[in-house]
There are 2 protein chains.
Amino acid sequence: MSIQLGCGVDTATLDRHSVVPLYYQIQQRLLEQIRSGALKAGEPVPSEQEIAARLGVSRMTARQAVKSLCHLGVAYSQRGKGTFVSGAKLEKNFRQVLSFSEEMEARGAQPRSRVLAFKRIHPNEQVAEALHLSPAEEIIFLRRVRIADSAPLCIEATHLPARLCPKLLENFEPSGSLYRVLGERYGLQVHMADEVAEASVATGAEAKLLRIRGRSPVFRFTRTAYLHNGQPIEFVKSTYRGDRCKVVNRLTRQLEIIS
Amino acid sequence: MSIQLGCGVDTATLDRHSVVPLYYQIQQRLLEQIRSGALKAGEPVPSEQEIAARLGVSRMTARQAVKSLCHLGVAYSQRGKGTFVSGAKLEKNFRQVLSFSEEMEARGAQPRSRVLAFKRIHPNEQVAEALHLSPAEEIIFLRRVRIADSAPLCIEATHLPARLCPKLLENFEPSGSLYRVLGERYGLQVHMADEVAEASVATGAEAKLLRIRGRSPVFRFTRTAYLHNGQPIEFVKSTYRGDRCKVVNRLTRQLEIIS
DNA sequence: GACAACCAGTCATATAGACCTCTTGTGCCG
DNA sequence: CGGCACAAGAGGTCTATATGACTGGTTGTC
């Protein structure tokens, strides 16, 4: 097996004094080979032993790098045979929570917003339950039409516990990225989210805002986002134009949950 | 920290001669404590060192067990502080490919089917491309109305490369579980799938089959499933009643991809 | 030619020990 | 009393080593 692990290009060896972990450097190198086509779908990734020998690391470190490819879904292992590159490519951005702005930027579109409302209010029952609040506790309510490449894409209604982000009304320019402000100014990092999608049709008011015809197909998303400690930080209801978006999912089949 | 790792119930120690890996036994034990409420959301999981000392395993093994909880999404680690139980519970069945039958059984509904078509045909362009076939190569086509708890839930059109499952027309009773037959009789195991969901409205013919009104909201799913080696095994188009289903997603936010 | 035994290569699991960074609490000193 | 230093405890990374189990091919026998 003559997989080149850098032969000829071996000026790019590992940086053992970097703060970047060795296994991560190796992972990136393997991903690069897959991206570039040097490793094609179905071909075996270099074995743990080969990586360990070639790069002068322990087998456990090589193993950690290879295993991470499996976790990412770009490869799969077969005991006794080897580790092979998965069929379809796709490497990031699945299974991740991304804010609207981040998602648009990731795919090269320009995000913009039209702010419809930005105020403190009392939550309704559904919001209070999702955010684990008493109805007396106030929330920040933000309603925006989100625009991608100059055309409306969705209407988004965000609810945040006011207690967790005091003075947000002054600190946040509401056409920008909310996640960025929450992270940078309040130290609130979204860790995980539950999201429910429903198929529906647009109401008259929605259709007007989205510039589509009434009763056109739309997605309705309901998302609750949580901090590391499990505390709800955000409850969002959004309505996406059905003609401008799809929900893409990558599913794996692991009936036994390993590692 | 007085987390009981089995104190009093320590008759249930680890089985070191079992074929079940130690880390998996530990993982299951921790999951059980979370399920039972002995470990609540936000509380720290026993530290790696504590597990290692209590159960007499190495720290690496304890670590593997704890880490697996993070991969499952039921816990999260903070360097220098500890590993903590995540807020919302949910433990399986996300991120997994499930067949219709499996999914219905998992939630306690009774799956049934009404077969509309089951035959060999030539693929159209879209199907041929998805399954990596030439238009000359035949496929098995199966169209069913899938029924859950006595009411129609979706219309499903499945396309399989005929080459991979010869004599399926004779071997498969088409109201049963296709994945089961593919696995048991042909050794074909679905490993991964890409799925796209779109929001739409029902056509007249669909509405009739699903027993809903015309132009009611529906989901349209397009799924391509792959074997371990990346070979496409199945292409499915399905139309789900919007009033009877939701798409639930659990997303995590890991901007740095670890392990 | 069929079948069993063996072997080499591979991943899976497990152990022990080392060193690092990060967080938190404690206690001393100014 | 405030602030700094330090130690303890936690997870993160890495090395070295060993054993087990599965796969595929080879070899040898019948």
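Note that this is a predicted model, so its numbers are computed, not measured. The sequence lines fix the lettering, A, B, ..., with proteins before strands; numbering per chain opens at 1.
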Measuring from the side chain of [X] (C-beta onward, heavy atoms only), which nucleotide among [options] has the closest atom?
X: A:S77; options: C:dA12, C:dT15, C:dA14; result: C:dA12
X: A:K81; options: D:dC14, D:dT23, D:dA10; result: D:dT23
X: B:R63; options: D:dG12, C:dT13, C:dT15; result: D:dG12

Nucleotide [N], atom [atom2] - distance to [atom1] of [X] in whole Å:
X: B:Q49; N: D:dG11; atom1: CD; atom2: C1'; value: 9 Å
X: B:Q64; N: D:dG11; atom1: CD; atom2: P; value: 15 Å
X: B:Y76; N: D:dG11; atom1: OH; atom2: C1'; value: 14 Å
X: B:R59; N: C:dA14; atom1: CZ; atom2: P; value: 17 Å
X: A:Q27; N: D:dG12; atom1: CD; atom2: P; value: 16 Å
X: B:E48; N: C:dG17; atom1: CD; atom2: P; value: 17 Å
X: A:E50; N: C:dA8; atom1: CD; atom2: C1'; value: 16 Å
X: A:F84; N: C:dT10; atom1: CZ; atom2: P; value: 10 Å

Check: C:dG9 base within 3.5 Å donor-acceptor of A:R79 side chain:
no
N or O in side chain of A:Y23 less than 4.0 angstrom from D:dT13 OP1/OP2
yes
Say whether, by atom type as modelled, one donor and one acceptor occur between the side chain of A:H159 and the main chain of A:F141 under 3.5 angstrom.
no
Taking side chain as C-beta onward, heavy atoms only, is B:T83 less than 4.5 Å from B:P44?
no
Using a heavy-atom cut-off of 4.0 Å across all strands, would you classify B:V57 as base, sugar-phosphate, or nothing?
sugar-phosphate
Over 60° means perpendicular and under 30° means parallel, so classify the ring planes of B:F118 and B:F172, tilted if in between.
perpendicular
The side chain to side chain contact (heavy atoms under 4.5 Å, CB included) partner of B:L160 among B:V127, B:L182, B:V236 is B:L182
Intermediate values then yes/no, side-chain hydrogen bond (donor to acceptor under 3.5 Å, both in side chains), B:Y179 and B:E234:
CA-CA 10 Å; B:Y179 277 28; B:E234 184 196 43; 2.8 Å; yes
Nearest heavy-atom neighbours spanning A:A65 and A:I26:
CB-CG2, 3.6 Å
As a check of understanding: the bend across the helix from C:dG1-D:dC30 to C:dG30-D:dC1, end axes from five pairs, rounded to 10 degrees, works out to 0°
5' priority, DNA chain D, between B:T83 and A:T61 [closest heavy atom]
B:T83
So with a 6.0 Å cut-off around CD of B:E137, is the heavy-atom count from everything else above 12?
yes
